[in-house]
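So the structure is just underneath, and the comments pick up after that.
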Amino acid sequence: MWRLLVLGVLRAAGTAEAQANSSDGFLEFSVGKFTYFLLSRPFPQEAILRHISSNVTFLIFQVHSQYQNTTVSFTKALLPGTSETGNDRGLVFILRPEQTMCTWYLETKEDKPVQNVAIPLSYSERDPIPGGCNLEFDLDIDPNIYLDYNFFETTIKFAPANLGYARGAEPPPCDVGTGQESRWRLQYDVYQYFLPEGDLTEASLLQHLQRMVQVPQVKASAVKVVTVTGDDKTTVSFSSLPGQGVIYNVIVWDPFLNTSAAYVPVHTYACSFESVDGNCVSPGRLPTKMFSTVFALLGLFICFFGHRFWKTELFFIGFIFLGFFFYILITRLTSLQYDVRLVLTAVAGSMGGILLVASWWRFGALMLCMLCVGLVLGFLVSSGIFFTPLGNLNVFRDDGVFWVTFSCIALFIPVIFMGCLRILNILACAVMGSYSVVLAVDSYVFTSLSYITLNILRRALNTGFRGAFLREPFQTNDFIVLAVWGMLAVSGITLQIRRERGRPPFPPHPYKLWKQERERRVTNILDPSHHIPPLRDRLYGQLSQIREFFQKAQPAGERTPLLL
């Protein structure tokens, strides 16, 4: 509460400063200082920066908002190649000799007023120029990071930088030579910063963005994910995290002069604030919540009673086994809506569960059933291993290496437990049953633990996901969910081991029992069940009783005429 109050005071102070300096129709800024201001459609603003030092050779002016667009331009009239529009946009201003003042123009096309925070940053002639060798985007010098996201991955692109140069000098050529005297020596460090989980407020975003603007703060606050050299593509992909705020920035470093400069940071929630269904406020869809809740209730029962209720557990395992592969199949081969695919997956999963139960009842194939149980547990274990930083190793970006390694780990689990099948079954019941609760929690509250298996599903559904870096935040919600998951799993294992002590490892073959019982009834005439009528006669008798109940009662007395 105090934190939000302080943020509000700071924002009000920043807004008051901007409005105080805009009495003449413009907003006045200072180098390295953040300024909050409100921008309305009918009232575009002119931004001005005075008293620029003589040792400054170029400036980067950047403006940020949460999800509404703002346009920043070199000219009052918007011309091609002179403006940028978006949530996180900036411009590079190359200073002329003796220049001490710069102006920019700000406007928005949004119907509602847009809350912004802006800052101008100064750099010297030794610093590299972000986007100085742009050949792809509209601006001549483009310091912006362009972000695109879908359900699977979030991709950022940026233009290569150029070497710094003095005021009035000619810029170094971008594509002449690839030696140490050219821009090819520059290196790009990509940083990632997570906002607090579940925090979608505008004040929080604008405050945390201030930690991702200048080079020292970026290095101190964010995590460096990858370093891109001059020979690599300036494109980096990450796994999408719908509902989780993430800020990205790139620091270009000149190893020869040991100088750095930061691009304009960009942020995303991998969702829309304005869509009706599945927006950022409520990212989970209603069918997903219903499906995961029912699945979690069944999983919770399996966690504590799965080994005792063997057929129910087999249905649970068969549901997971067939449902997973069926969802991948219909998603890759059809263009059905998500809700339709979810319903069909539920039906196919139920059929898989019934099929596994029927195979046990008829054939009693214990090894086949335990192989399915062990593979499901192995799938979760293998997914957990690739959820760690091991999953980001370059060797696993090859699909062949990844799936062979993943399958070997999954197969290793049933192999090592082949001599103690009851322990394997109890472990699978407790771990898989409790993890279904984690998946259900993710439908209501964001938790990174759900991506243990979701990342594998994405890898199976989308071939481009193999190049994405897998990094998820691990914050307060995740620690709580992890503790609940561990507590449920340990409790389920302990309870089932204590209850099953002294009992047979697995129930007998149902079909053999049924056959023996039928033969006993036929041969043993002293058995009361021997005299029970067949099922068809019993059903006919029940129907006769129901029919008599609805028939009209016959009146008493003689109705036939007397014979004279």
Side-chain angles (χ1 to χ4, degrees), residues 292 294-325 327 349-350 352-361 363-387 406-441 449-450 452-454 456-457 481-482 484-501 503-507 510:
S292 59
V294 174
F295 187 70
L297 292 176
L298 178 59
L300 199 60
F301 178 83
I302 297 299
C303 177
F304 292 99
F305 307 102
H307 190 73
R308 171 69 65 87
F309 295 89
W310 170 243
K311 296 186 186 69
T312 307
E313 182 206 342
L314 290 181
F315 177 84
F316 181 74
I317 296 298
F319 185 96
I320 297 174
F321 207 89
L322 188 59
F324 179 80
F325 289 105
Y327 183 82
S350 301
I354 294 173
L355 186 63
L356 189 59
V357 172
S359 65
W360 160 253
W361 189 91
F363 303 104
L366 179 62
M367 297 304 295
L368 174 64
C369 296
M370 288 309 303
L371 178 62
C372 295
V373 172
L375 287 176
V376 171
L377 179 60
F379 171 83
L380 183 59
V381 172
S382 185
S383 301
I385 292 175
F386 282 99
F387 185 71
F406 184 89
S407 302
C408 290
I409 297 175
L411 285 169
F412 185 68
I413 298 300
V415 170
I416 62 174
F417 283 100
M418 197 57 65
C420 43
L421 296 179
R422 178 161 64 179
I423 297 299
L424 172 62
N425 192 53
I426 291 176
L427 286 175
C429 290
V431 175
M432 294 301 301
S434 55
Y435 184 71
S436 66
V437 178
V438 175
L439 294 178
V441 170
L449 295 177
S450 62
I452 294 176
T453 53
L454 287 180
I456 305 301
L457 180 62
V481 175
L482 180 62
V484 172
W485 181 19
M487 183 175 59
L488 288 175
V490 172
S491 301
I493 293 171
T494 304
L495 179 64
Q496 295 194 76
I497 288 179
R498 290 177 61 88
R499 187 193 299 116
E500 299 302 320
R501 188 177 299 166
R503 294 175 177 269
F506 290 94

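Everything numeric in this text was worked out from a predicted model, so none of it was measured.
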Hey, does [Y] have a side-chain heavy atom less than 4.5 Å from the side chain of [X]?
X: Ser350; Y: Phe315; result: yes
X: Leu457; Y: Tyr327; result: yes
X: Val484; Y: Leu488; result: yes
X: Gln496; Y: Arg308; result: no
X: Phe316; Y: Thr312; result: no
X: Cys369; Y: Trp310; result: yes
X: Phe387; Y: Thr453; result: no
X: Ser383; Y: Phe406; result: yes

Would the distance check show the side chain of [X] and the main-chain N or O of [Y] forming a donor-acceptor pair, the cut-off being under 3.5 Å?
X: Ser434; Y: Val431; value: yes
X: Ser436; Y: Gly433; value: yes
X: His307; Y: Phe506; value: no
X: Tyr435; Y: Leu449; value: yes
X: Ser382; Y: Gly378; value: no

Measuring from atom [atom1] of [X] to atom [atom2] of [Y], what distance do you get when rounded to the nearest 0.5 angstrom?
X: Leu411; Y: Leu371; atom1: CG; atom2: CG; result: 7.5 Å
X: Leu454; Y: Ile456; atom1: CG; atom2: CD1; result: 10.0 Å
X: Leu314; Y: Cys372; atom1: CG; atom2: SG; result: 8.5 Å
X: Glu500; Y: Leu495; atom1: CD; atom2: CG; result: 9.0 Å

For [X] versus [Y], what's the shortest heavy-atom pair and its separation?
X: Cys303; Y: Ala430; value: SG-O, 3.7 Å
X: Val373; Y: Ala428; value: CG1-CB, 3.4 Å
X: Phe295; Y: Ile320; value: CZ-CG1, 3.7 Å
X: Glu313; Y: Ile302; value: CA-CD1, 3.6 Å
X: Phe304; Y: Arg499; value: O-NH1, 3.3 Å
X: Ala410; Y: Leu375; value: O-CD2, 4.1 Å

Report the C-alpha distance between Leu424 and Met418 in whole Å, list the side-chain angles of each, state the deciding distance to 0.1 Å, and finish with yes or no for side chain to side chain contact (heavy atoms under 4.5 Å, CB included). CA-CA 8 Å; Leu424 172 62; Met418 197 57 65; over 6 Å; no

Using the side chain to side chain contact (heavy atoms under 4.5 Å, CB included) rule, take Ile409 and Ile385 through it: C-alpha gap first, then chi angles, then the decisive distance, then the call. CA-CA 9 Å; Ile409 297 175; Ile385 292 175; 3.8 Å; yes

For Phe321 and Val376: C-alpha separation, side-chain torsions, deciding distance, then whether side chain to side chain contact (heavy atoms under 4.5 Å, CB included) applies. CA-CA 7 Å; Phe321 207 89; Val376 171; 3.9 Å; yes

Start with the C-alpha distance between Phe386 and Ile452, add both sets of side-chain angles, then the distance that settles side chain to side chain contact (heavy atoms under 4.5 Å, CB included), and finish with yes or no. CA-CA 8 Å; Phe386 282 99; Ile452 294 176; over 6 Å; no

